[in-house]
Amino acid sequence: MPEAIQFPAGFLWGAATSAYQIEGAPLADGAGPSIWHEFAHTPGCTRAGDTGDRACDHYHRYREDVALMGALGLNAYRFSVSWSRIQPDGRGAVNRRGLGFYDRLVDALLAQGIQPMLTLYHWDLPAALDRRGGWLNPDSAAWFADYARVLFRALDDRVQHWVTLNEPWVVVDGGYLQGVLAPGQRNVFAAPVAAHHLLLAHAYAVQTYRAEGRHRIGLVVNLEPKYPAADTSADLAATMRADAYWNRYYLDPVFLGAYPPELAEIFDTAWPKFPAADLEQIRQPLDFLGVNYYSRQVTRHDPADWPLAAARVRQPQQVHTALDWEVYPQGLTDILQWVTSRYGPLPLYITENGAAFYDPPQASEGVIEDPLRQRYLRDHLRAAYAAIQAGVDLRGYFAWSLLDNFEWAHGYAPRFGLVHVDYATQQRTPKASAHFYSRVIASQGAALSSITPP
Ligand code: IFM
């Protein structure tokens with residue numbers, strides 16, 4: 001166990017959410033529908049037909065939620081903006097009432113001493129743009145930059161951390177390759193095109209920010225370290241393919257100006273020839289990188305797996321979350337060190353980390369014990385600290401998530417929140433893990449050495 005933990009001064013202690021997962025009221029005040037509104041309202045797409053229509057009603061209760069963050073001692077909050085609240089048709093006219101919501105949210109955060117980290121795109125593309133092909137349309141990068149400019153002009157006087165895209169890997173894998181997330185396409189020829197346009201959209205937004213903004217902008221990726229199941233050439237090659245697809249697909253173009261060579265092998269005839277000028281453009285210097293970390297993958301060669309021929313080997317001796325994700329804190333240290341060594345020493349944030357567990361029933365009124373989540377938090381924060389000690393320039397940690405919320409195709413069943421939400425009454429109750437996190441924050445991490453969750 002590490003001793004005398006003390007995170008650096010200025011470290012951001014936050015929690016993260018996203019618009020469609022918590023806001024509710026998706027069509028309020030002139031907003032247009034998003035692809036997630038349409039996907040969730042299509043029978044069979046989400047568990048039990050759950051939708052984000054009400055979610056945590058954060059659109060109406062944001063002041064209460066910000067007060068809760070203040071009470072827990074957070075000094076940062078990562079949230080996303082719903083594009084179709086700002087531009088109901090995805091392009092052109094700006095809806096001032098939609099913008100007003102985020103304007104008030106930012107002011108409320110700053111009044112509590114909480115730094116906003118704003119994500120421009122967390123999966124909820126305006127449905128009107130999907131009608132035009134969505135991320136498959138080469139104009140999508142310019143649409144995104146225009147939308148981003150509206151927000152830079154409105155909020156950069158108060159927002160110091162901007163994120164272009166959240167987890168482009170999930171957007172493409174779930175939305176265009178496997179068809180399990182909006183917009184629900186399952187097309188191996190479409191997926192690499194959508195990925196390329198997302199990367200261009202990211203780059204155009206960064207370029208726009210350099211002209212309009214005066215703070216910091218970065219990208220958020222989900223990373224999952226890959227370890228070979230056995231020291232055989234087949235498993236080692238499978239591990240490299242999985243690593244290329246999950247971890248290097250977006251980072252290599254952004255930082256090195258080239259796609260990983262394994263992608264042409266994985267996509268085979270579906271892999272297009274991309275213009276060299278696009279890759280030059282995608283390589284825009286960033287102010288920081290956000291890493292979302294949940295688990296690792298022990299990988300073996302498996303010809304039945306599509307498209308990687310690389311399967312996950314379950315580790316039965318390990319704790320798994322309610323979504324069956326292996327809990328593996330060491331992977332967080334490993335992946336942060338890997339990013340630093342492969343892409344250079346750049347400021348990093350852990351922009352998401354957390355776990356869905358089945359919380360035990362409330363023992364008494366207002367008390368929700370969640371020992372597994374407390375332990376998860378403790379062990380991952382220790383792993384983050386180990387990365388700092390190993391030389392990683394880690395500037396902050398955002399727990400996923402502040403509130404229990406809409407977990408996409410899984411609906412409301414998995415609960416990731418530090419704060420329990422009773423969806424019938426919308427009552428918020430901080431779980432024991434929230435109180436634990438509070439103590440960690442108040443002691444700048446020192447409590448991680450001494451507090452042992454049950
Ligand atoms: O809920 C999601 C979030 O929207 C993106 N990252 C992973 C989380 C847990 O699945």
Side-chain angles (χ1 to χ4, degrees), residues 14-24 26 34-37 39-40 45-47 50-52 55-56 58 77-83 117-125 163-175 178 180-183 198 218-225 246-247 249-250 289-297 312 320-328 331-332 335 349-359 370 372-373 376-377 380 397-421 423 433:
T17 64
S18 89
Y20 191 75
Q21 292 180 274
I22 65 163
E23 287 176 356
S34 72
I35 54 172
W36 263 97
H37 180 71
F39 188 77
C45 288
T46 63
R47 178 204 155 267
D50 288 349
T51 73
C56 307
H58 174 77
Y77 174 56
R78 174 173 176 249
F79 65 96
S80 78
V81 170
S82 161
W83 185 342
M117 178 181 277
L118 188 158
T119 303
L120 290 162
Y121 186 71
H122 196 125
W123 309 358
D124 45 357
L125 190 76
V163 170
T164 54
L165 309 174
N166 180 70
E167 300 181 355
W169 182 89
V170 178
V171 174
V172 175
D173 186 76
Q178 311 284 356
V180 295
L181 301 176
L198 277 158
L219 171 71
V220 165
V221 287
N222 54 301
L223 298 180
E224 194 183 86
W246 284 67
N247 299 324
Y249 195 152
Y250 297 88
L289 179 73
V291 173
N292 294 352
Y293 174 79
Y294 289 92
S295 191
R296 69 156 168 182
Q297 188 191 55
R312 186 182 301 274
H320 287 69
T321 73
L323 288 171
D324 206 29
W325 299 352
E326 181 192 345
V327 176
Y328 190 70
L332 177 58
I335 204 73
Y349 293 90
I350 297 167
T351 35
E352 288 182 26
N353 175 241
F357 285 115
Y358 298 103
D359 298 331
D370 57 345
L372 288 170
R373 188 173 293 98
Y376 184 101
L377 252 180
H380 285 81
Y397 175 92
F398 293 79
W400 184 270
S401 180
L402 177 70
L403 304 169
D404 289 337
N405 61 47
F406 176 75
E407 178 57 19
W408 308 113
H410 298 287
Y412 293 97
R415 290 181 176 269
F416 275 90
L418 296 174
V419 175
H420 179 270
V421 177
Y423 295 115
S433 57

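Atoms within each ligand, like the ligands themselves, are counted from 1 in listed order. What you see is a predicted model, and the numbers here were worked out from it, not measured in a lab. Heads up: numbering here begins at 1 and tracks the sequence.
- The closest side-chain heavy-atom distance from Asn166 to Asn292 is below 4.5 Å.
- Within the 4.5 Å cutoff, the side chain of Asp370 has no heavy atoms near those of the Tyr376 side chain.
- Residues Asn353 and Tyr397 have side chains that bring a donor and an acceptor to within less than 3.5 angstrom of each other.
- Listed by atom number, the atoms of ligand 1 under 4.0 Å from Glu167 heavy atoms are 5 (C), 6 (N), 7 (C).
- With contacts defined as side-chain heavy-atom distances shorter than 4.5 Å, the pair Tyr250/Glu167 does not qualify.
- Between Trp83 and Tyr121, the angle of the ring planes goes over 60°, which puts this pair in the perpendicular group of the 30/60° scheme.
- Ring geometry for His122 versus Trp400: interplanar angle under 30°, hence parallel rather than tilted (30 to 60°).
- Atoms of ligand 1 found under 4.0 Å from any heavy atom of His122 (numbered from 1 in listed order, with element): 3 (C), 4 (O), 5 (C).
- By the 3.5 Å distance cut-off applied to N or O atoms, Trp325 is not counted among the residues near ligand 1.
- Under a 4.0 Å heavy-atom criterion, Phe406 is not in contact with ligand 1.
- Protein heavy atom nearest atom 10 (O) of ligand 1, with residue, atom name and distance: Glu407 OE2, 2.5 Å.
- For atom 6 (N) of ligand 1, the closest non-hydrogen atom on the protein side is Glu352 OE1, 2.5 Å.
- Close N/O approach between Trp408 and ligand 1 is found [any backbone or side-chain N/O within under 3.5 Å].
- Side chain to side chain, Tyr20 and Ser80 fail the donor-acceptor criterion of an N or O pair below 3.5 Å.
- For ligand 1, the polar-atom distance check finds no N/O of Asn166 at less than 3.5 Å from any of the ligand's N/O atoms.
- Of the N or O atoms in Gln21, one or more lie within a sub-3.5 Å distance of an N or O in ligand 1.
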